[in-house]
Amino acid sequence: MLAEAFALQQAGRLAEAEKAYNQILATQPDHFDSLHLLGIVCHRRGDDAQALRHIDLALEINPNDILALNNRGIALRALKRFEDALASYDRALALWPDYAEALLGRANALKELQRFDAALSSYDRALGLRPDWIDVHVNRGIVLHALERFEEALASCDQALVLRPDLAEAHTNRGSALHELKRFDEALASHDRALALRPDYAEARYNRANALHKLRRFEEALADYEHTLALRPDYVEALANRGVTLHELRRFEEALASYDRALAVRPDYAEAFVDRGGTLREQRRFEEALACYDRALALRPHYVEAHANEGMCRMLIGDFDRGWPKIEWGWIAARQRNAKRKFSQPLLLGSDELDGKTVLLHAEQGFGDMIQFCRYVPLVAERGARVIFEVYEPLRELMGTLPGVAQFVTTGEPLPDFDMHCPLLSLPLALGAGSATILSKTPYLRASPQAVMDWNGRLGPGDRPRIGLAWSGRPSHDNDHNRSMRLSTLLSAFAGFNATYVSLLREVREDDAAVLQDSTVLHFGEELKTYADTAALIANLDLVISVDTSVAHLAGALAKPLWLLLPFTPDWRWQLDRDDSPWYPTARLFRQDETRGWDGVMARVQAALDAYSRSL
């Protein structure tokens, strides 16, 4: 009877097999094999509670059967009782340390418990026994991804695909690793291969949408999120990311509705609250945005992104006293992701006695941030410290004009001895800077007099105003599509105004190159080798007109008249609704209105130029 029941099970005739095993157990209730095999049948038909009950009864008869212990672990994993599953696998491995299937199950349980290093060790042991085990290569790749060892994760997926090229899961996992490596076009191709093999594969469709979003192909990304949700309506991550894509398309109310759908499925989804807060902030619904960050932090008190976004929101509305400590969370997170920036020396705190101490102030974030925040460096020297300042190579010569620095080091060079350190963007908080203590005195950086003279000769006669232009920033910047504009849009404001226009960009985007070539704008490109060159060029100008990029910070730090062109909801440092800046007294701010377009900004710039011309 047992042989017949097992044959039915092997043939996939599970209902008949279950009936046959029950017939045996009706006459012999302690029949170990029937109890064990009946548990496997129950697992295969999705009833893992019953599966566990039968396997437990079998193990009461034979507690040391390693197959039953392994299958018990499988049922417990399906029931999401991962600690119990782990214990069951460990019992099996204590009896047979080289039991490969138990090693795989143990590793999978550890993966679910997010004990990734231990999971990786178990996967590696399993591969030592069976090097061609495809499932292990796939799951090992998932664990390496979770450990942020993305190159190794990619290699593990590639090994799985060598063994089985038609494995859709390996293709999309490979795409996810490529995504984290910022190789988005390749990631998209991997997800496409997965979907060619399994058109209804929701995870691959979702991951494809994520890659399209990063490639800024938002309409296509939205279509893929919709397709994902047609396959799995409660796919909560797809609902949330759909909201992020709708935000980028400026369909804000639809974005909020998508976040709300996600939160209806998972009320404790802290990430969705943060994304929802970002959309509300973009709509200038600040109290509602802050409430979203509060909800996220109630769920996860140490959620870095929630603290950082709350900080940016508070800084934007001028609440610097509460904003500085919050925004620090985001910078801490960036530092934690950069393993090379871990120091044994203590972090500078506001209460530290600095007299006679050597303090390292080190680079982080972007060029504009360094230009903005280097103003605080002399304060550390004024408190008695010997200051070592680590700077980016393109800024080193310019930063040499900053007072109070005993030694400069270029990022990547060996560091000298020091007693304590502070990342540059943390200085305002460390020094107790609030809204009343922004150091607004400019200039605090200066151009080389000789370089200024050299550039003056290259600009030609100074018989008309010289105006510097910066219309776009770094394309990889998260907010570049909002802060940058086309050169043709900027030039529209200058019709009829007789001036020498000078490009302050080193690199010009492809769609602006033809416009630049056909214009009278002077462009020096690669001749602007460092920011010291750009500073010397700016020193010869009467006015700089710039979007929110490092050139604007440089003009402000040099105390050059600056007209700054800002999106409707700008970066926190520019605050709201004012046309001046506490950071740069020579700046005049031109802001988008609620249409979020540049036409109104350019009209106001044109009117300002008319007034400027009358004042000459």
Side-chain angles (χ1 to χ4, degrees), residues 74 77-78 80 82 100-101 103-128 130-215 217 220-221 224-225 227-229 231-232 235-242 244 271 337:
I74 292 171
R77 274 188 56 226
K80 301 188 183 303
F82 301 117
E101 283 76 6
L103 282 169
L104 173 60
R106 182 179 190 275
N108 289 340
L110 288 163
K111 180 184 74 173
E112 296 292 349
L113 290 166
Q114 298 188 5
R115 292 160 59 180
F116 298 121
D117 285 307
L120 183 62
S121 177
S122 281
Y123 286 131
D124 286 343
R125 283 179 60 195
L127 284 174
R130 288 172 53 181
D132 60 348
W133 200 349
I134 295 170
D135 287 349
V136 178
H137 284 293
V138 171
N139 285 302
R140 184 176 181 274
I142 293 170
V143 166
L144 286 163
H145 187 108
L147 289 168
E148 298 185 2
R149 293 162 59 178
F150 302 119
E151 291 285 1
E152 294 172 83
L154 182 61
S156 202
C157 293
D158 285 341
Q159 185 58 45
L161 290 166
V162 168
L163 297 167
R164 186 175 162 189
D166 64 345
L167 187 60
E169 183 181 4
H171 281 294
T172 202
N173 289 350
R174 181 179 189 275
S176 296
L178 288 163
H179 186 106
E180 296 296 338
L181 293 167
K182 302 187 186 304
R183 293 160 60 180
F184 302 119
D185 285 306
E186 295 172 79
L188 185 62
S190 278
H191 299 315
D192 283 342
R193 284 193 287 273
L195 289 164
L197 293 163
R198 280 177 54 188
D200 60 347
Y201 190 4
E203 287 80 2
R205 184 66 63 181
Y206 165 73
N207 288 328
R208 184 178 192 272
N210 291 341
L212 287 165
H213 181 98
K214 285 295 185 181
L215 290 167
R217 293 161 58 178
E220 295 171 79
D224 265 358
Y225 286 129
H227 194 160
T228 303
L229 292 166
L231 294 167
R232 193 192 301 176
Y235 200 147
V236 68
E237 293 83 3
L239 285 165
N241 284 4
R242 176 180 178 271
V244 175
E271 290 85 349
R337 289 192 292 269

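A quick note: this is a predicted structure, and the numbers were derived from the prediction, not measured.
No side-chain heavy atom of Val138 sits less than 4.5 Å from a side-chain heavy atom of Arg164. Within the 4.5 Å cutoff, no side-chain heavy atoms of Arg130 are placed close to those of Val136. Residues Asn108 and Arg77 form a side-chain contact, since some pair of their non-hydrogen atoms from C-beta on lies under 4.5 Å apart.
Contact between Ala109 and Phe82 at its shortest, heavy atoms only, is CB-O, 4.0 Å. Here the closest non-hydrogen pair linking Ala168 and Ala194 is O-CB, 3.5 Å. Here the closest non-hydrogen pair linking Cys157 and Ala170 is CB-O, 3.9 Å. Residues Tyr225 and Asn210 come closest through the heavy atom pair OH-OD1, 2.5 Å. Of all the heavy atoms in Leu163 and Pro131, the pair that sits closest is CD1-O, 4.5 Å. Closest non-hydrogen pair, Thr228 versus Tyr206, comes out as OG1-N, 3.3 Å.
Counting only distance, with no hydrogens or angles, the side chain of Ser156 and the backbone of Glu152 share no donor-acceptor pair below 3.5 Å. A distance-only check finds no donor-acceptor pair linking the side chain of Ser121 to the backbone of Asp117 [under 3.5 Å]. Between the His171 side chain and the Pro165 main chain, a donor and an acceptor come within less than 3.5 Å of each other.
Here Leu110 contributes atom CG and Asn139 contributes atom CG; the two are 12.0 Å apart, rounded to the nearest 0.5 Å. The CG atom of Asn207 sits 10.5 Å away from the OG atom of Ser190 when rounded to the nearest 0.5 Å. Note that CG of Asp158 and NE2 of His137 are 11.5 Å apart. Values are rounded to the nearest 0.5 Å. Taking NE2 from His227 and CG from Leu195, the interatomic distance works out to 8.0 Å, rounded to the nearest 0.5 Å. For the atom pair NZ of Lys214 and CZ of Phe184, the computed distance is 5.5 Å after rounding to the nearest 0.5 Å. Rounding to the nearest 0.5 angstrom, the gap separating the CG atom in Leu120 from the CZ atom in Arg149 is 5.5 Å.
A salt bridge links Arg232 with Glu203: the closest approach of a Lys/Arg side-chain nitrogen to an acidic carboxylate oxygen falls below 4.0 angstrom.
When only modelled atom types and interatomic distance are considered, His191 and Thr172 share a side-chain donor-acceptor pair under 3.5 Å.
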